[in-house]
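I have placed the structure first, in the form of structure tokens, so that the comments after it can refer back to it.
Order of the sequence lines sets the chain letters (A, B, ...), proteins ahead of strands, with each chain counted from 1.
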Protein chains: 2
Amino acid sequence: MPPEDRDALHWLTRKLEALSPLDEADRAGFAALPHIRRRLPAGAHLVREGVRVTECCLLVEGYACRHKLAATGGRQIVSFHMRGDLLDIQHLLLSVADHNVQAITEVEVAWIPKTELKDLAHARPAIADALWKDSLIDASVFREWVLNVGRRDAKSRIAHMLCEFIARCEAAGLGSPERIDLPMTQEQIADATGLTSVHVNRMLRALSEDGVIVRDRRRLQVANWRELRRVADFDPIYLHEAAA
Amino acid sequence: MPPEDRDALHWLTRKLEALSPLDEADRAGFAALPHIRRRLPAGAHLVREGVRVTECCLLVEGYACRHKLAATGGRQIVSFHMRGDLLDIQHLLLSVADHNVQAITEVEVAWIPKTELKDLAHARPAIADALWKDSLIDASVFREWVLNVGRRDAKSRIAHMLCEFIARCEAAGLGSPERIDLPMTQEQIADATGLTSVHVNRMLRALSEDGVIVRDRRRLQVANWRELRRVADFDPIYLHEAAA
DNA sequence: CGACAACTTGACGGGCGTCAACCGGAGTGG
DNA sequence: CCACTCCGGTTGACGCCCGTCAAGTTGTCG
């Protein structure tokens with residue numbers, strides 16, 4: 001059958017197995033998880049700040065972002081997500097969401113009851129380890145983002161965001177530096193890098209003029225991967241083999 | 001016996017119990033953990049980027065910070081730590097450190113073998129949950145920091161950092177808004193907020209002139225806690241009761 | 001009392017935000 | 001098939017927040 005018809009949980013086990021070894025019983029445990037599959041339009045809220053969460057959202061197709069709002073109205077995107085990402089693993093143990101998750105393209109998601117996933121983790125230590133490790137990698141990525149918005153200039157920040165997104169897409173089998181479709185708008189890139197969309201536009205142009213990337217609408221081609229990584233100060237160690 | 005002579009692990013169990021219920025056997029499991037206690041001077045490296053970690057560092061006394069370095073030489077502090085914090089819980093599952101942890105005052109630490117802590121977590125699900133929850137709260141704090149450096153102006157950033165630090169000190173029984181000793185230099189505040197020490201100094205003065213804080217060397221008094229929280233845009237929900 | 005780190009303050013400049021106008025493609029409806 | 005609309009992208013002018021540089025002060029520890 002075509003990949004898009006596969007079991008929704010396939011992409012989750014695929015990702016977790018790359019992090020931590022799972023045996024046949026672990027895989028069976030995942031496969032047996034009850035879940036409800038839904039297709040939602042771009043802009044749909046998948047997790048809303050302040051709300052008590054009872055189900056975990058698994059992203060099966062499309063892209064999403066996690067963001068927080070400042071009192072002044074500013075929005076900060078703190079991560080992008082793609083096929084196979086569990087969007088709110090933290091709500092297995094934290095009851096109230098401290099941020100929002102929103103679809104940035106049309107998405108397909110699978111809702112898994114929190115209690116079922118928690119029971120599975122308690123029953124099978126290898127699964128608990130894999131999920132824990134996944135959440136630790138998330139935390140590592142957040143640390144890198146603090147560095148990115150705190151200590152790099154605009155061009156580096158954007159380059160870094162691109163490097164990370166490309167590396168993660170590649171790990172998920174969704175593209176390569178040679179040709180990648182960016183799902184996010186320049187305004188979303190701005191919200192992820194702590195800049196404005198106007199300045200993002202200027203910097204993307206600069207990266208083009210430097211011959212580092214080639215742009216054609218939302219399609220991006222990395223003309224010089226080594227140079228992009230250098231400008232970005234990108235060292236994938238912080239992804240902890242999630243992208244290896 | 002005086003509190004400072006108590007078992008090193010007391011502060012860890014005290015903190016974790018506030019997050020997640022532990023029974024007598026869980027507490028006994030912690031108490032039985034082998035560990036080596038050490039006193040180290042300010043500036044000592046507790047975790048070093050790129051190094052394979054075999055022991056977990058528990059902070060028993062004093063203060064530490066976690067930081068990353070940019071290629072341009074910039075330093076970004078991504079969190080501060082105090083009594084009772086496990087400094088590298090992430091290395092239970094991630095083998096290589098992606099950042100540094102350094103003492104900012106004289107500290108007392110306890111080194112716990114990774115394998116022992118991991119075995120304990122596997123043997124006692126309540127402990128695994130408590131540790132996992134602790135690391136999820138860490139991640140939540142990182143997300144808030146991304147927002148802080150990405151989307152707030154200098155005065156708010158510093159105010160926010162102060163609010164968080166005070167709230168966490170209070171939770172750890174180390175001070176209150178009425179009188180708190182800041183262990184960090186203005187340069188460290190700058191590295192935590194993505195600013196320069198010069199500008200931190202200007203903003204601290206501004207906060208004083210606004211009548212929000214009163215400074216006397218490293219000693220800080222919050223003159224108007226409500227106003228400080230307002231300026232900081234501080235909503236402690238992201239600490240997930242760690243400070244409740 | 002000398003040395004050193006941390007703090008303080010002022011002058012100046014630049015990177016990025018703000019504002020505003022315009023363009024271009026995709027979808028929609030007549 | 002062509003207007004119309006709308007969202008996202010593009011570009012320029014201008015200004016401010018914060019970085020940089022530099023000099024001086026204060027507190028601490030030997």
Side-chain angles (χ1 to χ4, degrees), chain A residues 41-43 63 65 70 72-77 102-106 148-162 181-209 213-220 231, chain B residues 41-43 63 65 70 72-77 102-106 148-162 181-209 213-220 231:
Chain A
Y63 297 87
C65 74
T72 50
R75 184 173 82 143
Q76 180 67 45
I77 292 176
Q102 211 171 351
I104 60 176
T105 62
E106 192 185 31
N148 202 40
V149 296
R151 282 288 177 245
R152 289 200 263 254
D153 66 17
K155 202 196 272 190
S156 292
R157 276 187 227 183
I158 293 167
H160 194 279
M161 197 227 79
L162 292 176
D181 287 304
L182 291 184
M184 66 286 278
T185 65
Q186 290 184 6
E187 186 167 4
Q188 285 158 348
I189 296 177
D191 284 345
T193 50
L195 300 165
T196 58
S197 60
V198 173
H199 205 60
V200 167
N201 186 280
R202 291 194 274 246
M203 293 299 104
L204 284 175
R205 185 152 68 94
L207 285 170
S208 288
E209 286 169 356
I213 60 173
V214 176
R215 290 185 300 151
D216 171 34
R217 304 195 28 66
R218 291 276 183 89
R219 183 145 301 179
L220 193 80
V231 173
Chain B
Y63 298 87
C65 73
T72 49
R75 183 173 83 143
Q76 180 66 45
I77 292 176
Q102 212 170 351
I104 61 177
T105 63
E106 191 186 30
N148 202 40
V149 296
R151 282 288 177 246
R152 291 200 263 254
D153 66 17
K155 201 195 273 189
S156 293
R157 276 187 227 182
I158 294 167
H160 193 279
M161 197 227 78
L162 292 176
D181 286 304
L182 291 184
M184 67 284 280
T185 66
Q186 290 183 7
E187 186 167 3
Q188 286 159 347
I189 297 177
D191 284 345
T193 50
L195 300 165
T196 59
S197 60
V198 173
H199 205 60
V200 167
N201 185 281
R202 290 194 275 246
M203 293 299 104
L204 284 176
R205 184 151 70 94
L207 286 170
S208 288
E209 285 169 358
I213 60 173
V214 176
R215 290 185 301 151
D216 170 35
R217 305 194 24 66
R218 290 275 183 89
R219 183 146 300 179
L220 193 79
V231 172

Open item on the list: Starting the side chain at C-beta, find the nucleotide from dG10(C), dC7(C), dT11(D) nearest to Gln186(B).
Closed with: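 Of all the options, the side chain of Gln186(B) is nearest to dC7(C).
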Open item on the list: Closest approach to the side chain of Arg205(B), judged atom by atom: which nucleotide of dG8(D), dC16(C), dG10(C) is it?
Closed with: dG10(C)
Distance in angstrom units between [X] [atom1] and [N] [atom2], rounded:
{"X": "Leu204(A)", "N": "dC16(C)", "atom1": "CG", "atom2": "P", "result": "14 Å"}
{"X": "Gln188(A)", "N": "dC7(D)", "atom1": "CD", "atom2": "P", "result": "14 Å"}
{"X": "His199(A)", "N": "dT11(D)", "atom1": "NE2", "atom2": "P", "result": "14 Å"}
{"X": "Glu187(A)", "N": "dG17(C)", "atom1": "CD", "atom2": "C1'", "result": "14 Å"}
{"X": "Met203(A)", "N": "dT10(D)", "atom1": "CE", "atom2": "C1'", "result": "13 Å"}
{"X": "Arg151(B)", "N": "dC18(D)", "atom1": "CZ", "atom2": "P", "result": "13 Å"}

Task: Side-chain N or O of Arg215(A) closer than 4.0 Å to phosphate OP1/OP2 of dG8(D) - done: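 Answer no for this pair, as no side-chain N or O of Arg215(A) is under 4.0 Å from OP1 or OP2.
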Open item on the list: With a cut-off of less than 4.0 Å, is there a side-chain N or O of Asn201(A) near OP1 or OP2 of dG9(D)?
Closed with: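 Asn201(A) to dG9(D) OP1/OP2: no side-chain N or O under 4.0 Å.
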Touch check for [X], heavy atoms < 4.0 angstrom, all strands: base, sugar-phosphate only, or nothing?
{"X": "Arg202(B)", "result": "base"}
{"X": "Gly194(A)", "result": "sugar-phosphate"}
{"X": "Thr196(A)", "result": "base"}
{"X": "Arg218(B)", "result": "sugar-phosphate"}

Task: Side chain proximity check, Asp153(B) to Thr72(A), heavy atoms < 4.5 angstrom - done: no
Task: Side-chain heavy atoms of Gln102(A) within contact of Gln188(A), under 4.5 Å - done: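 Gln102(A) vs Gln188(A): side chains apart.
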Task: Nearest-0.5 Å distance that lies between atom CE in Met203(B) and atom CD1 in Ile189(B) - done: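 Those atoms lie 13.0 Å apart.
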Task: Stepwise side-chain contact (heavy atoms from CB on, under 4.5 Å) test for Met184(B) and Ile77(B) - done: CA-CA 11 Å; Met184(B) 67 284 280; Ile77(B) 292 176; over 6 Å; no
- [ ] Using modelled atom types only, decide if a donor and an acceptor are shared between the side chain of Arg151(B) and the backbone of Gln76(A) within a distance under 3.5 Å.
- [x]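 It does not hold such a pair.
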